[in-house]
Amino acid sequence: MYQPSSFITKNTKINSWNDLKPYFDILINRKISTKNDLETLIQHYSELISVFAEDYAWSYINMSCHTENDDYVKTYEKFASVIEPEFSKGANQLTLKITAHPQFSELDSTRFGQLSKLFKRELEMFRDENVTLNAELSTLSSQYDQVAGGLTASIDGEDLPMPMAGTRLLSSDREVRKNAWLAMQESRYAKKEEFDTLYSDMVKLRHKVAINAGYENFRDYQHDNLHRFDYTPADVEAFHDAVETCVKPLALSIHKKNCEKLGLDLSDYRPWDGSGEPEGQTSLKPFEGGEELIEKAIDIFSILKPEFGENLNAMDKNNLFDLDSRKGKSPGGYNYPLEVTGMPFIFMNAAGTQRDVTTMMHEGGHAMHTFLCNEEPLVQYRETPSEMAETASMSMELMTSSYWDKFYNKEDHIRARREHLEGIITFFPWCATVDAMQHWVYLHPEHTTEERDSHFVELTKRFGSCINWDGFEQYQRNGWQRQGHIFGVPFYYIEYGIAQLGALQVYRNFVKNNKEGLDGYIKGLKMGNSKPIPEVWENMGIKFDFSADTIKELMEFVQEELDKLDVDICVV
Ligand SMILES: [Zn+2]
């Protein structure tokens with residue numbers, strides 16, 4: 001792990017801007033005469049970002065684990081709306097100082113070329129007047145987290161957190177599924193207006209941020225802001241089209257097969273049936289609680305590579321997991337890298353389902369990425385863009401899937417792998433829906449909430465749906481509100497689609513030759529953000545390409561893997 005210099009006093013804690021300001025002042029006023037001085041300045045700047053990022057991370061982690069704890073909420077909001085704005089102004093000044101130095105362009109381009117690109121983009125995007133707007137946006141986003149985290153579904157007189165209620169949708173009893181689904185929808189629908197207002201306010205603010213920065217709309221602004229150097233918004237639109245032509249028919253046939261399995265007519269395939277099991281079949285029960293999940297994940301990661309298992313073990317010893325679902329936790333799951341600790345924190349809402357197994361493997365993939373990059377001295381190279389980060393996590397889901405027998409007997413293991421592979425196919429239409437919806441929202445910032453809901457329904461039809469919503473149309477219309485990314489991290493979603501194509505290629509290499517596949521994966525992850533994504537992917541032995549041809553070829557590969565499972569079933 002990278003050991004920082006003595007520039008910042010060890011164990012410095014950030015409680016206010018005053019804890020950071022003296023360091024900024026030193027760096028901003030420091031005299032830089034030689035290339036060596038400049039490189040040291042870049043390094044010290046990176047260390048300062050790391051110290052800030054570590055404590056900002058903890059403020060977010062504490063809040064998302066305890067959304068009802070006022071102190072944690074206040075601390076996070078202080079970071080987001082008071083400290084971060086000051087930090088970003090100081091950072092902008094320092095970036096300017098570094099890039100404007102005459103010797104900056106003379107630094108070794110193989111080492112600093114990518115950093116120069118990142119710095120220049122940051123300077124282009126920065127506007128003083130956007131600092132306060134971004135702080136307001138962070139506050140709105142944490143309000144969404146609190147409302148969404150507080151949702152419960154009332155079933156049989158019990159108030160269940162949403163992930164716990166969601167396990168009932170896996171039941172083979174159709175009435176149980178329907179009741180749970182209705183309770184969850186009612187709970188979410190009761191907050192519809194609150195979510196609508198929050199989102200409309202966010203859209204307005206984001207549009208303003210984009211205009212301030214000289215863009216026509218927030219979509220194009222955010223594309224550049226997310227450092228998407230290697231593709232354009234038009235490429236993303238072409239990706240949506242490719243999903244519609246190449247993946248939609250496959251996804252629909254999976255839904256139809258599922259419907260047949262349940263013994264239902266397609267016209268009677270209802271929103272509570274999608275994850276249901278046929279009568280007499282029990283749902284998969286891979287583990288009892290978070291501790292068992294960690295233990296088995298450690299076993300599985302160790303088979304793949306002993307060092308991977310040791311990494312998870314080290315996290316466990318340092319209390320870097322909060323996995324079980326309970327009331328008052330933010331929804332979803334994440335892996336949050338801790339820049340000083342050199343390890344990440346994994347957050348989940350596990351309720352003992354197969355989906356939780358996949359999430360654990362996914363977040364574990366992100367965690368290995370954090371470990372594999374922790375020798376890199378520059379924080380800008382440790383923080384990878386989402387397309388690459390999600391490739392690391394989704395590849396891990398696939399590579400570990402052959403070892404999920406730690407959770408199951410042979411028959412259930414095949415069921416779990418089938419569910420996972422089918423889920424890869426059915427995910428693409430949802431991914432395109434979520435992304436296309438945001439394209440429309442930010443290209444039409446003046447829209448009404450009714451138009452927004454209607455457009456969402458149109459998109460679900462465009463990308464394929466065979467569900468009968470009769471009588472429950474209102475719950476179909478606010479379906480987008482369950483996707484937290486739309487609120488908190490706008491446009492962060494298509495990356496899952498792009499990354500899945502990378503992950504499938506990594507897995508195809510792994511299936512051909514375990515060692516070579518894994519070596520390529522590790523090599524790419526170690527590169528962090530030090531090179532453009534296409535170059536990192538090339539080093540992993542995969543192509544950065546989301547054209548229709550590649551999608552088609554990879555969907556065929558998924559189909560082949562599914563066919564192999566059919567052969568395995570005959571042996572069971
Ligand atoms: Zn992820």
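All values below come from the heavy atoms of this structure, side chains included, with hydrogens, waters and symmetry mates left out.
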Problem set entry | Salt bridge present between Arg270 and Asp273 (N-O < 4.0 angstrom) | no
For this session: Can you see which heavy atom on Met348 is nearest to which on Asp356, and at what distance?
Result: CE-O, 3.4 Å
Exercise. If only atom types and distance count, is the side chain of Asn69 paired as donor or acceptor with the main-chain N or O of Tyr72 below 3.5 Å?
Worked result: yes
For this session: Check Glu175, Gln185, Arg174 against Trp272 for a side-chain contact (heavy atoms from CB on, under 4.5 Å) and give me the one that passes.
Result: Arg174
Problem set entry | Distance flag, aromatic centroids of His485 and Tyr496, threshold under 6.0 Å | yes
For this session: Sequence neighbours left out, what passes ring-ring contact (aromatic ring centres under 6.0 Å, His included) with Tyr334? Give chain and number order.
Result: Tyr60, Phe347
For this session: Please find out if less than 6.0 Å separates the ring center of Trp440 from that of His455.
Result: yes
Exercise. Taking the six-membered ring where the residue is Trp, are the ring centres of Tyr442 and Tyr221 under 6.0 Å apart?
Worked result: no
Exercise. Can you find a heavy atom in the side chain of Asp453 that is under 4.5 Å from one in the side chain of Val457?
Worked result: no
Problem set entry | Audit row: Tyr215, Gln222, side-chain hydrogen bond (donor to acceptor under 3.5 Å, both in side chains) steps and yes/no | CA-CA 10 Å; Tyr215 285 79; Gln222 188 67 345; over 6 Å; no
For this session: For the residue pair His255 and Tyr269, categorise the inter-ring angle as parallel (less than 30°), tilted (30 to 60°) or perpendicular (more than 60°).
Result: tilted
Problem set entry | Side chain proximity check, Val247 to Pro429, heavy atoms < 4.5 angstrom | yes
Problem set entry | Backbone N/O of His413 and side chain of Arg418: donor-acceptor pair under 3.5 Å | no
Seminar exercise, completed: For Asn217, the side-chain contact (heavy atoms from CB on, under 4.5 Å) test, sequence neighbours excluded, returns Arg219, Asp220, Leu443
Exercise. Out of His369, Glu363, His366, which one pairs with Ser393 under the side chain to side chain donor-acceptor pair (under 3.5 Å) rule?
Worked result: His366
For this session: Taking all heavy atoms of Glu339 and all of Ala53, pick out the closest pair and write down the distance.
Result: CG-CB, 4.0 Å
For this session: Before accepting this row, confirm whether a basic side-chain N of the pair Arg462/Asp241 lies closer than 4.0 Å to the acidic partner's carboxylate O.
Result: yes
Exercise. Hey, is the main chain of Pro85 close enough, under 3.5 Å, to the side chain of Asn134 for a donor-acceptor pair?
Worked result: no
Seminar exercise, completed: Minimal heavy-atom distance between Thr391 and Ala503, with the atoms involved, is CG2-N, 4.0 Å
For this session: Assert yes or no for the condition that the ring centre distance of Tyr76 to Phe79 is strictly below 6.0 Å.
Result: no
Problem set entry | Nearest heavy atoms of Ile494 and Arg228, plus distance in Å | CG2-NH2, 3.7 Å
Seminar exercise, completed: Between Leu504 and Phe557 the two heavy atoms that sit nearest each other are O-CE2, 3.7 Å
Exercise. If you measure from the Lys or Arg side-chain nitrogens to the Asp or Glu carboxylate oxygens, is any gap between Asp196 and Arg452 under 4.0 Å?
Worked result: yes
For this session: Could you tell me whether Tyr231 and His223 have their ring centroids closer than 6.0 angstrom?
Result: yes
For this session: Tell me whether the centres of the aromatic rings in Tyr475 and Trp181 are closer together than 6.0 Å.
Result: yes
Problem set entry | Flag, side chain of Glu292 to backbone of Glu288, donor-acceptor distance under 3.5 Å | yes
Problem set entry | Ring centroid separation Tyr199 to Phe456 under 6.0 Å | no
